[in-house]
Number of protein chains: 2
Amino acid sequence: MNQTMDVPAKRNTKQKDAVRHALSETTGFVSAQDLHLVLRNHGSTVGLATVYRALADLAASGEADSIQATSVAGTGETLFRACGQSHHHHLICTECGKTVEIAAATVEKWAEAIAAENGFTESSHTIEIYGRCASCTA
Amino acid sequence: MNQTMDVPAKRNTKQKDAVRHALSETTGFVSAQDLHLVLRNHGSTVGLATVYRALADLAASGEADSIQATSVAGTGETLFRACGQSHHHHLICTECGKTVEIAAATVEKWAEAIAAENGFTESSHTIEIYGRCASCTA
DNA sequence: GCATTATTGAGAATGATTGTCAATACCGAC
DNA sequence: GTCGGTATTGACAATCATTCTCAATAATGC
Ligand SMILES: [Zn+2]
Ligand SMILES: [Zn+2]
Ligand SMILES: [Zn+2]
Ligand SMILES: [Zn+2]
């Protein structure tokens, strides 16, 4: 093996757990800033940078999914959500943020096929569906 | 009609044409900053803010498509590309940026159906496929 | 308990994008 | 073609999300 062991051992901290917990409480996607506010409002003294670091870790380990808030009139912030481990996509309400996880083998195959047809390898994809949920259609 | 005319009449300017032209020259997606550099290197004295404004206009009028550069190790900048008018998606090489426009009625229907099944209306979607093109697979 | 060192938090720094505003250049009217 | 009202421009300041810095703190193994 040529793996120069230099990856710092991870530690469990109250802050990281607090972020994980706060994230699991929310139903839809949230920004790091919003989550930080929620935590502070609950008495936590966690720092903003720490929330960013914790979310980055969760996203890296697959415990959380992240998307870019592009919609309309946004500076494009990153939103996070605690999700199932298996590969899936999202149906998101642009009004209340309600999120439904979507898993469809057919589109996975489609995306894979499109890439292959054009000679692309190591393909990946980004697929999100937006709309206004029943509750918000009033 | 109740349309209080207050939309400022658009004007044609050299700068806007320069941006439009520079954008059409590039084959893949480019950032506003990169496009600004290209223009300056070609002798133009166009300002960065103007390039941003022109690109925003082009994107709004449907003359250009935009995506968020998330991929790997990017601060998430917005990329633009002169595209066909009709609705489509993209297959993008993460290495050289080569872009292929994709149009597939089946996924359009699929996305529409998923939204409807869950009681969502006014649905839209974001679908991009990434990979490494033949030339870059060496 | 103790030493080692990953982690934290406050604030500075960064990078992309947008706002400000006086100077400029379109464009339709004369 | 000239003129005038106003949309547009460009240099720079301002904003916003995110990352970096670094001394202080706390988790882990012994
Ligand atoms: Zn998810
Ligand atoms: Zn997928
Ligand atoms: Zn396109
Ligand atoms: Zn589509």
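Here is how names work: the chains are called A, B, and so on, in the same order as the sequence lines, proteins then strands, and each is numbered from 1.
- B:Tyr130 and B:Glu95 share no side-chain donor-acceptor pair at under 3.5 Å.
- Between A:Lys14 atom NZ and C:dT8 atom C1' there is a gap of 13 Å when expressed in whole angstrom units.
- In this structure, B:His125 has its ring center under 6.0 Å from that of B:His87.
- Separating the OG1 atom in B:Thr50 from the NZ atom in B:Lys14 is a distance of 14.0 Å, to the nearest 0.5 Å.
- Ranking D:dG5, D:dT28, D:dT9 by closeness to the B:Gln15 side chain, first place goes to D:dT9.
- Taking both residues in full, the closest heavy atoms of A:Val19 and A:Leu55 are given as CG1-CD2, 4.0 Å, listed atom of the first, atom of the second, then distance.
- Interface residues of residues 17-53 of chain A facing DNA chain D, ordered by number: A:Gln33, A:Leu48, A:Ala49, A:Tyr52, A:Arg53; criterion, heavy-atom separation under 4.0 Å.
- Contact between the side-chain N/O atoms of B:Thr78 and the OP1/OP2 oxygens of C:dT17 is found at a separation under 4.0 Å.
- Spacing between atom NZ of A:Lys10 and atom P of D:dG29 amounts to 16 Å, rounded to whole angstrom units.
- A:Lys16 has a side-chain polar atom (N or O) that falls below the 4.0 Å cut-off from OP1 or OP2 of C:dT7.
- Across the protein-nucleic acid pair, B:Gln68 atom CD and D:dT18 atom C1' stand 15 Å apart, rounded to whole Å.
- Each end of the helix from C:dG1-D:dC30 to C:dC30-D:dG1 gets its own rotation axis from five pairs of C1' atoms, and the angle between them is 40° to the nearest 10 degrees.
- At a threshold of 4.0 Å, the pair B:Arg81-B:Glu101 counts as salt-bridged, since one of the basic side-chain nitrogens sits closer than that to a carboxylate oxygen.
- The two residues B:Ile92 and A:Phe120 make their nearest non-hydrogen contact at C-CE2, 3.7 Å.
- Computed from coordinates, the A:Arg11 CZ to C:dA6 C1' distance equals 4 Å when rounded to whole Å.
- In terms of heavy-atom proximity, B:Ala64 sits nearest to B:Leu23 at CB-CD2, 3.9 Å.
- Distance A:Asp57 CG to C:dT7 P: 8 Å, rounded to the nearest Å.
- Both B:Phe80 and B:Asn12 lie close to DNA chain C; mapped to their nearest nucleotides by heavy-atom distance, the more 5′-ward contact belongs to B:Phe80.
- For A:Phe29 and A:His90, the distance between ring centers is under 6.0 angstrom.
- For the pair A:Leu79 CG and D:dC16 P, the computed distance is 17 Å after rounding to whole Å.
- Minimum heavy-atom separation, A:Ile129 to B:Ala111: CD1-CA, 3.8 Å.
- Distances shown here put every side-chain N or O of B:Thr13 at or beyond 4.0 Å from the OP1 or OP2 atom of D:dA7.
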